Amino acid sequence: MFFCVTFLILYSFMECQSEQLQVVGPKAPLVAVTGEDLVLPCFIKPNTNALNMTVEWLRVELGVLFVHSYRSHEDQNENQAQAYKGRTSLFKEELQKGNASLKLSALQVSDAGKYVCHIEDKSWIQEVPVYVTVAVLGSHPVITVESYDNSGGINLVCESRGWNPEPQVQWLDREQVILTAEDTQIHRDTEGFSVKSHITVFDYSDSNRFYCRLQQKHHMIETHIIINSKIFHAWKTIVGISVLALLFAVGLILTAVICHKKGHSHG
Ligand SMILES: *[C@@H]1O[C@H](CO)[C@@H](O)[C@H](O)[C@H]1NC(C)=O
Ligand SMILES: *[C@@H]1O[C@H](CO)[C@@H](O)[C@H](O)[C@H]1NC(C)=O
């Protein structure tokens with residue numbers, strides 16, 4: 001009888017303890033850029049020493065891939081998938097506090113997907129999924145002057161390639177005020193998303209500065225172009241000269257045609 005009661009008390013205590021413990025992962029998918037190091041959070045709540053537990057980080061989409069294994073107080077990575085060799089580690093001091101977060105270095109595009117943090121003790125097992133999105137920053141944007149606009153503006157084009165996912169494109173003036181682009185095209189190709197954005201800018205001050213900014217969550221790449229207002233005037237002059245030249249050419253042609261006709265009628 002005594003044994004039985006003791007057993008029951010012990011059993012319910014263990015049950016209770018294992019029910020209280022909960023493995024917690026991140027609430028939202030993690031987003032990081034290729035080449036960066038990423039910490040995949042996973043910890044036991046409330047804080048419990050996990051040095052004596054088994055911690056497995058796995059990927060389970062196409063069969064089971066071992067990302068990192070910790071058992072019997074040490075890393076045991078003989079089954080580790082080739083792609084993760086030398087790129088994973090746990091935080092050993094943190095493990096004492098129940099923090100089984102994984103550090104994944106030099107992020108690659110192929111690291112994107114679903115991971116499972118699996119923690120196992122003598123009396124319980126718990127798992128949480130952790131989703132990783134890998135972003136790729138595109139090439140540094142380049143602004144080129146495309147043409148002169150009839151209305152006195154200059155047409156600029158900003159181009160960049162190789163983004164994933166697609167970036168947000170913004171044009172700004174030198175006071176960082178957002179300007180409205182005429183048209184922004186984003187295409188998907190083998191390199192990722194490529195961007196081509198057009199804007200017509202006008203002469204605002206002595207040194208006009210226009211920014212083209214590409215943004216992806218927390219990452220931003222921008223470039224700018226400086227257009228001296230003399231250039232706007234030079235453009236106007238060039239266009240003026242072109243119009244004169246064109247009129248002159250039309251005049252010449254008309255004269256030639258008239259002379260030709262006259263020549264014919266004489267002949
Ligand atoms: C972990 O295991 C070792 C020996 O296997 C034991 O001495 C130690 O008390 C255990 N620690 C915890 C927190 O369970
Ligand atoms: C777990 O450890 C990592 C690495 O030191 C840290 O970034 C993270 O904040 C820790 N998590 C908790 C819940 O303490």
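These numbers were taken from a predicted model, which means no experiment stands behind them. Atoms within each ligand, like the ligands themselves, are counted from 1 in listed order.
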Q. Which pair of non-hydrogen atoms, one from Ile226 and one from His224, has the smallest distance, and what is that distance?
A. CG1-CD2, 3.9 Å

**Q.** Ile143 reachable from Phe210 in the ILVMFWY side-chain graph, under 4.5 Å edges
**A.** yes

Q. Leu30 pairs by side-chain contact (heavy atoms from CB on, under 4.5 Å) with which of Leu104, Val39, Leu107, Val130?
A. Val130

Q: Can you establish whether the number of heavy atoms outside Lys92 located under 6.0 Å from its atom NZ is more than 12?
A: yes

Q. With sequence neighbours left out, what residues match Thr190 under side-chain hydrogen bond (donor to acceptor under 3.5 Å, both in side chains)?
A. none

Q: Please say whether more than 12 non-hydrogen atoms of neighbouring residues, nucleotides or ligands are located less than 6.0 Å from CD in Gln168.
A: no

Measure and list all N/O to N/O distances between ligand 2 and the protein that fall under 3.5 angstrom.
| from | atom 1 | to | atom 2 | distance (Å) |
| --- | --- | --- | --- | --- |
| ligand 2 | 2 (O) | Asn99 | ND2 | 2.3 |
| ligand 2 | 11 (N) | Asn99 | ND2 | 2.8 |
| ligand 2 | 14 (O) | Asn99 | ND2 | 3.3 |

